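See structure below.
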Amino acid sequence: MIDLKALRDDPERFREGARRKNTDVDIDRLLELDTRQRELSTRQQELKAEQNRLSKEMGPQIGRLIGQLKKASGEQRGAIEREVEQLKAGPQKLKEQIEELDGQIAEIEPELREILLRVPLPPDPDVPVGRSSEDNVEIRRWSSAGFDLARLFEDNKGFSPKSHIELVHELGLADFERGVKLGGARHYVLKGLGARLHYAVLRYAMDFMIQKHGFTPMSVPVIVREDMMVGTGFFPGGRDQAYHIEETRRGAGEDLFLTGTGEVSLMGLHQGEILDEADLPLTYCTTSTCFRREAGAAGKDTAGLYRIHQFDKVEQVVILPADEGESRAWHQKMLGFVEAFLQSLELPYRLLQCCTGDLGAKNADMIDVECWMPGRGRSALRADASGNDAKQDIGSESGATQGDIGSESRSTLGAFGETHSASRLYDYQCRRLNMRYREGGESGKGATVFCHSLNNTVAASPRILIPLLEIHQNEDGSVTVPGALRGYMGGIERIG
RNA sequence: GGAGAGGUGGCAGAGCGGUUGAAUGCGCCGGUCUCGAAAACCGGUAUGGCCUUUUGGUCAUCGGGGGUUCGAAUCCCCCCCUCUCCGCCA
């Protein structure tokens, strides 16, 4: 949530921010409602002050009269009762006026709140302006020795690559048919060494963050209250993306939601708390199962492990004092962790500076990491082999960007595919979550300040298995397990 | 799942229709005393909003929401959470 005061002071900054983010939000309406709301509540507040004053006076008087009433007889009673009624009449009028204002305020509040929750955080001035992911700007790319991203996979390795779909079929690592039988479309089963590889990546990613970078591991709920979804900024905008557990429909409890990322619970941990500045920054990581409805993605990436309803993800989150420099520095650090992680797995990747149109409401800045997927961006020719829908063109949807290799050969193209996303949010999330710290430490008298937060993926599997299998495949159809994972695979060096 | 007890300030804990934003203790901050420290004593110590140039004023908040009342931490309703006992169980 943005700071309403800041919006009053400089509405143009937020109008421009929304424009750059390609977001349609009626800021003038918000200002209008805000002004009206403040007028009404100021007036109401004055009435309440008067009411409180009267009440304090009347309390003892009425108490005394009621005492008399008990002892009084017949005629006296009537006189006393009338006196009490008279006393009550004054505040009664105030009460009616207050209630009327209450009604007026209640009328505008939901709309005000709804708009306020949707006003995006303005992007930082150095974020390139653009409309969609097409306008994202590559920052740098990395590739392991012996693999040249400027050349085709074939030219690098001397053979034509298989897609991960073919590989998991042939090596018996996944079972899509039974996944769909169990959970419907976009479900899958990882089996045997496929499952083992999945867990190996997750455990390695977790240890990487804990042991190398001192992050605190957490095991957190994936079922959360609506507050948490709103507080972390996923609602109301992303309501369609979350699975909704409608407990109230069975007449009990409150509705709950399945989280689409560990970020929700990691950030929600300290909701409503005032933290000790000495404890900051808090650095947390978690492995959690993530659930996404993929609403609006019908027909996209229907085959394979790319876009699915359920996956596991190691997520990193940092909560720090409010400081732009710190925020920027940590953003780079968190990206650095991911780069080192991918390099240790010998997975070529690139960093993409997301443009303003691709940021989402809560980010001031966002940098995506995309891994090179040699089997991606290929036409139906190959996908056909796995018995899946032959009409789709896997390379043309958002989230994947065609390699700039310039080859016309459809069977050997390859593409980058998004595997990580590093967000910098300033106080947008912490303001919603009411998560603060006291300046100058625990015993200080400093003001309470909203924390800043950042988050980034460490590894999301099975999506990360796509480059892992495709990059490390061998000509004989086997896949070499990168050295970093062997310890988590019982020493297995090669699959198949 | 059944029965009961409870949720109050940083913590513990009183209050159970009016003068209570809230006793008291602990903690914390400042001061007195002291060469210094401790002890003792004195004073201070919630969060948010709105109005105000400063000073200050005012409203809201006693798990959350709604209601009764001139007036609610206190009464009523719904929900959430915690604890105890019984039952069941990974």
Side-chain angles (χ1 to χ4, degrees), chain A residues 1-9 31 33-70 80-106 108-110 112-113 116 219 221 223-231 245-257 268-279 427 430-451:
Chain A
M1 182 159 62
I2 55 107
D3 183 359
L4 192 49
K5 268 189 209 152
L7 180 115
R8 272 180 221 141
D9 291 346
L31 286 169
L33 291 170
D34 173 53
T35 305
R36 182 149 170 69
Q37 201 272 113
R38 274 153 62 221
E39 275 169 16
L40 290 171
S41 56
T42 300
R43 215 183 317 152
Q44 191 192 40
Q45 191 182 300
E46 285 161 10
L47 291 172
K48 280 186 177 173
E50 176 67 7
Q51 187 186 44
N52 285 343
R53 202 181 55 73
L54 276 177
S55 268
K56 274 184 188 168
E57 268 175 34
M58 281 172 47
Q61 289 180 46
I62 290 184
R64 192 162 33 78
L65 288 171
I66 291 196
Q68 285 174 16
L69 194 63
K70 281 179 190 155
I80 294 171
E81 274 165 9
R82 270 196 299 282
E83 204 176 329
V84 170
E85 286 314 306
Q86 242 170 17
L87 272 175
K88 285 184 178 178
Q92 176 69 50
K93 254 183 216 152
L94 284 176
K95 192 193 179 188
E96 281 160 19
Q97 293 175 42
I98 289 168
E99 276 173 353
E100 200 197 315
L101 287 172
D102 249 345
Q104 292 178 32
I105 291 169
I108 58 179
E109 216 151 51
L112 188 143
R113 186 180 149 73
L116 182 59
S219 174
I223 302 174
V224 299
R225 298 172 141 150
E226 186 164 5
D227 280 5
M228 294 302 163
M229 299 301 282
V230 175
I245 304 172
E246 296 184 291
E247 282 295 287
T248 52
R249 276 184 72 174
R250 37 167 77 167
E254 55 185 330
D255 282 4
L256 297 162
F257 297 85
L269 278 171
H270 298 292
Q271 184 242 44
E273 296 181 26
I274 298 177
L275 301 167
D276 190 342
E277 189 175 9
D279 293 337
D427 63 357
C430 296
R431 186 179 291 278
R432 287 179 174 238
L433 287 165
N434 193 23
M435 190 166 143
R436 295 164 293 171
Y437 67 96
R438 191 179 296 283
E439 270 182 336
E442 187 181 18
S443 56
K445 298 217 167 177
T448 53
V449 184
F450 291 111
C451 304

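Note that the structure is predicted; figures quoted are calculated from it, not measured.
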TODO: To the nearest Å, give me how far apart CE (A:Met1) and C1' (B:G48) are.
DONE: 12 Å
Open item on the list: When you compare the side chain of A:Asp227 with that of A:Leu433, does any pair of heavy atoms fall below 4.5 Å?
Closed with: no
- [ ] Can you see which heavy atom on A:Gly268 is nearest to which on A:Met228, and at what distance?
- [x] CA-SD, 3.7 Å
- [ ] To the nearest Å, give me how far apart CG (A:Leu54) and P (B:G18) are.
- [x] 18 Å
Open item on the list: Distance check, rounded to the nearest 0.5 Å: A:Phe257 atom CZ versus A:Ile245 atom CD1?
Closed with: 9.0 Å
Open item on the list: Salt bridge or not between A:Lys5 and A:Asp9? Use side-chain N to carboxylate O under 4.0 Å.
Closed with: no
Open item on the list: Suppose we define a pair by two distances each less than 3.5 Å, Watson-Crick or G-U wobble; what does B:G30 pair with here?
Closed with: B:C42
- [ ] Identify the heavy atoms of A:Arg432 and A:Gly231 that sit nearest to each other, and give their distance.
- [x] CB-O, 3.1 Å
- [ ] Under the ring pair (Phe, Tyr, Trp, His ring centres under 6.0 Å) rule, collect the residues that match up with A:Phe450, sequence neighbours excluded.
- [x] none
Open item on the list: Looking at every heavy atom in both A:Gln37 and A:Leu112, which two are closest together, and how far apart are they?
Closed with: CB-CD1, 4.2 Å
Open item on the list: Can you tell me the base-pairing partner of B:U53? Count Watson-Crick or G-U wobble geometry only, both distances below 3.5 Å, and say none if there is no partner.
Closed with: none
Task: Heavy-atom pair of closest approach, residues A:Thr42 and A:Arg38 - done: OG1-O, 2.7 Å
TODO: Remember a base hit wins even if backbone is also touched, and classify A:Asn52 as base, sugar-phosphate or nothing at under 4.0 Å, heavy atoms.
DONE: sugar-phosphate
Task: Between B:A12 and B:G30 - P atom distance, rounded Å - done: 25 Å
Atom pairs under 3.5 Å, N or O on each side, protein against nucleotides 52-57 of chain B: can you list them with distances?
none

- [ ] Within residues 34-44 of chain A, find the residues that approach RNA chain B with a heavy atom at under 4.0 Å, and present them sorted by residue number.
- [x] A:Arg38, A:Thr42
Open item on the list: Output the rounded distance in Å from CD1 (A:Ile98) to C1' (B:G71).
Closed with: 11 Å
Open item on the list: Applying the Watson-Crick and G-U wobble criteria at under 3.5 Å, what pairs with B:A72? Answer none if nothing qualifies.
Closed with: none
TODO: Give the rounded distance in Å between these two atoms: CG of A:Asp227 and P of B:C79.
DONE: 18 Å
Open item on the list: Between P on B:C59 and CG on A:Leu101, what's the gap in Å once rounded to a whole number?
Closed with: 15 Å
TODO: Report yes if a side-chain nitrogen or oxygen of A:Lys95 is closer than 4.0 Å to either non-bridging phosphate oxygen (OP1 or OP2) of B:G71; otherwise report no.
DONE: yes
Please enumerate all protein N or O atoms sitting under 3.5 Å from an N or O of nucleotides 9-11 of chain B, with distances to 0.1 Å.
none

Task: Inter-residue atom distance A:Leu31.CG - A:Arg8.CZ, 0.5 Å rounding - done: 9.0 Å
- [ ] Let me know, please, whether A:Arg8 or A:Gln92 comes out on the 5' side of the other along RNA chain B by nearest nucleotide.
- [x] A:Arg8
Task: B:A73 to B:G15 separation - C1' atoms, rounded to the nearest Å - done: 8 Å
TODO: Please state how far atom CD in A:Gln51 lies from atom P in B:C59, giving the value in whole angstrom units.
DONE: 10 Å
Task: Partner nucleotide, any strand, of B:C11 [Watson-Crick/G-U, under 3.5 Å] - done: B:G25
Open item on the list: Roughly how many Å apart are B:G57 and B:G21, using the P atom of each and rounding to a whole number?
Closed with: 16 Å
Please write out each protein N/O paired with an N/O of nucleotides 63-66 of chain B under 3.5 Å, distance rounded to 0.1 Å.
none

- [ ] Find out whether A:Leu40 and A:Ile108 are in side-chain contact, i.e. whether some heavy atom of one side chain is under 4.5 Å from a heavy atom of the other.
- [x] yes
Open item on the list: Return the pairing partner of B:A60 with a 3.5 Å limit on both distances, Watson-Crick or G-U wobble; otherwise return none.
Closed with: B:U47
Task: B:G27 and B:G13, which share atom name C1', separated by this distance in whole Å - done: 14 Å
Task: Integer-rounded Å distance: B:C81 P and A:Leu256 CG - done: 9 Å
Task: Nearest-nucleotide comparison on RNA chain B, the residue closer to the 5′ end among A:Glu50 and A:Arg436 - done: A:Arg436
Atom pairs and distances, side-chain donor-acceptor, residues 90-101 of chain A, under 3.5 Å, sequence neighbours left out:
from, atom 1, to, atom 2, distance (Å)
A:Glu100, OE2, A:Gln104, NE2, 3.3

Task: Separation of the P atoms in B:U58 and B:A5, to the nearest angstrom - done: 41 Å
Task: Residue that, paired with A:Glu254, satisfies side-chain contact (heavy atoms from CB on, under 4.5 Å) out of A:Glu226, A:Arg225, A:Glu247 - done: A:Arg225
Task: Residue A:Lys48, side-chain heavy atoms: nucleotide from B:G48, B:C80, B:A60 that is nearest - done: B:A60
- [ ] Indicate yes or no: does A:Glu46 engage A:Arg43 in a salt bridge with an N to O separation below 4.0 Å.
- [x] no
TODO: Give the nucleotide from the list B:G18, B:G49, B:C81 with an atom nearest to the side chain of A:Arg225.
DONE: B:C81
- [ ] Go ahead and name the base partner of B:A5; Watson-Crick or wobble counts if both distances stay under 3.5 Å, otherwise write none.
- [x] B:U82
Task: Same-atom distance (P) from B:C62 to B:A23, integer angstrom - done: 16 Å
Task: Distance between C1' atoms of B:G9 and B:A14 (Å, rounded) - done: 13 Å
Task: Candidate nucleotides B:U58, B:U47, B:G71, ranked by approach to the side chain of A:Ala49 - the nearest - done: B:U58
- [ ] Could you state the atom-to-atom distance from CG of A:Asn434 to P of B:U61 in whole Å?
- [x] 17 Å
